[in-house]
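Heads up: the structure comes next, in structure tokens.
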2 protein chains.
Amino acid sequence: MKQAPKATKYESISHEIKRRILEKEYPYDAPIPDEITLAKEFGCSRMTMKKALDMLVMDGLLYRKRGHGTFIVKSAVDNQLVNVSTNESLGLTNLLKDKDIKSKTITFEVMFPDEHIASHLSITVQTPVYHIIRLRIVEGEPYVLEETYMPAELISGITDEVLQSSIYSYIKNQLHLTIGGCHRKIRADKPNELDQKYLKCAPDDPVLEVEQIGYLNTGVPFEYSFSRHRYDKFVFTAVNIQKT
Amino acid sequence: MKQAPKATKYESISHEIKRRILEKEYPYDAPIPDEITLAKEFGCSRMTMKKALDMLVMDGLLYRKRGHGTFIVKSAVDNQLVNVSTNESLGLTNLLKDKDIKSKTITFEVMFPDEHIASHLSITVQTPVYHIIRLRIVEGEPYVLEETYMPAELISGITDEVLQSSIYSYIKNQLHLTIGGCHRKIRADKPNELDQKYLKCAPDDPVLEVEQIGYLNTGVPFEYSFSRHRYDKFVFTAVNIQKT
DNA sequence: CAGTGGTCTAGACCACCCA
DNA sequence: GGGTGGTCTAGACCACTGT
């Protein structure tokens, strides 16, 4: 069951350096040791060291200045902004591990997709898809209304029981497929009837909608979904590092 | 004025391969040539080739499968989802280059920050900050209401004239500072009085708020801002690629 | 087995910055 | 000039896939 992912050298180095930063073992007002010194300490080449540090730069935890050195982004550490959506894996169940998550299935059917949906899933309108609407309930409070389309042949064997827990777990553990990434669009919207009914929105409560296309690591789209969140219960976070 | 950024080898290779993909010179149903072949074609090492392809994987345009090859994400090309926020540089002026952008300054003052703002800018409450509220108007239509706090000593010399055009251009071209990245939180909210007045929102029109901390490439926060968008005029997009 | 991408190395040269 | 990070190389070995 446990498939220890065998951390690479740069991953474990990156992890250790991240630990040192978060536990404030390096001062903020000076550069951390230079790449060559660190490479020597960890017994690796400079390229590998660079790759380890690259990961932390991507997380917004470090920045580099050619000719100067590598420095800690103080405010990132202080405000604990690190790493919210960059490495975020898909799925509520994963995101809110410690919470009590329940699901209420509102719609669960197989249908033919319209042009728009078919196009986003890279399938034809003759390919049947699951159409699922679920209300996710966190700690007893309605949290998000998810409408999902998935090609039925690709993600086969969805049952009511699967919908009660986690579709992503099912895809990973039962179907042995690997999720590779996603494209998302985030927008604000007025609540529709479903939102008002299930999320218990007032008619003038906005919702935050996340439109998402999920891809397997094969590049095949497996999911086209719309997640509508109560505006007072959800914030989407993103980190953006300019390429140097 | 023109400071040709001297493209690196992997950047120009990546650009050329991207062109080939978007112009459909490689078929969807087969892997693109392998790294060694491509490296030979472009006269570079395999590591450099890999780095060029890595950029396209990050853009969600390609995916790789060990033992198989490198493939095109068909739906990403078809739906033109490529590259919206990943490489997005800061600033409306940059983002909507071809549009007619006007700014109306609503508030422009220097003040002492409260605890919350000071903390996000990594400064003390004794450090004066600019407090700016601007309405940005695109093609004659109100687009976004931006409230910005910037340390006055760091980003010095802001004038009304600067606010009319682009603060980011001023920071880059006049102050010769380089912007390094940002952290963002996106949420939906109800319109406040300012929103209704300037964005011409109805009282039940939601707004999409982007809270942002901008960093210089030195890691110093230079900006803490809230951009409030009309819900019908703005979508935030994000690409997320799982690490393999 | 051969072919793919993933990691890692040791060393080189360059661009940038400061003293 | 000496130190930093950025790029690039040529080659090695590993992990995974298909035949």
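Source: prediction; values computed, not measured. Labels below follow one simple rule: chain letters A, B, ... track the order of the sequence lines, proteins then strands, and each chain is numbered from 1.
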Rounded off to whole Å, could you give me the [atom1]-to-[atom2] distance for the [X] and [N] pair?
X      : N      : atom1 : atom2 : value
A:L53  : C:dC8  : CG    : P     : 14 Å
A:R66  : D:dG6  : CZ    : C1'   : 5 Å
B:H176 : C:dC16 : NE2   : P     : 15 Å
B:L62  : C:dG5  : CG    : P     : 11 Å
B:L38  : C:dG3  : CG    : P     : 17 Å
A:K65  : C:dA15 : NZ    : P     : 16 Å
A:I36  : D:dG2  : CD1   : P     : 15 Å
B:Y63  : C:dG5  : OH    : P     : 12 Å

Result for 5'-nearest mapping on DNA chain C, choosing between B:D34 and B:M47, is B:D34
Closest nucleotide of DNA chain D for B:G67 versus for A:T37: which of these residues is on the 5' side?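 Counting from the 5' end, the first nearest nucleotide belongs to A:T37.
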task = Please determine, for the side chain of A:K9, which listed nucleotide (C:dT9, D:dT9, C:dG6) has the closest atom?
result =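 Between C:dT9, D:dT9, C:dG6, the one nearest the side chain of A:K9 would be C:dT9.
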Item to complete: May I ask you to check whether A:Y63 and A:H68 place their ring centres under 6.0 Å from each other?
Response: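 Centroid distance A:H68-A:Y63: not below 6.0 Å, so no.
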Considering only distance and modelled atom types, tabulate donor-acceptor pairs under 3.5 Å from the side chains of residues 152-160 of chain A, sequence neighbours left out.
unit_1: A:T159; atom_1: OG1; unit_2: A:E161; atom_2: N; d: 3.3
unit_1: A:T159; atom_1: OG1; unit_2: A:V162; atom_2: N; d: 3.2

Next item on the list: Determine whether more than 12 heavy atoms belonging to other residues, nucleotides or ligands lie under 6.0 Å from atom CD of A:E115.
Entry: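 No, the 6.0 Å shell around CD holds no more than 12 heavy atoms from other groups.
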Does [N] have its OP1 or OP2 closer than 4.0 Å to a side-chain nitrogen or oxygen of [X]?
X     : N      : result
A:Y10 : C:dT7  : yes
B:K51 : D:dG6  : no
B:S45 : D:dG11 : no
B:K50 : C:dG6  : yes
A:H68 : C:dC16 : no
B:T70 : C:dG5  : yes

Original post:
Quick one: side chain to side chain donor-acceptor pair (under 3.5 Å) partners of A:T48, sequence neighbours excluded?
Top reply: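 Partners of A:T48 under the side chain to side chain donor-acceptor pair (under 3.5 Å) test: A:S45.
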Worksheet item: Stepwise, does the side-chain contact (heavy atoms from CB on, under 4.5 Å) test hold for A:I213 with A:Y215?
Response: CA-CA 7 Å; A:I213 305 164; A:Y215 300 91; 3.8 Å; yes
| query | Side-chain donor or acceptor of A:R46 under 3.5 Å from a matching atom on the base of D:dG6? | reply | yes
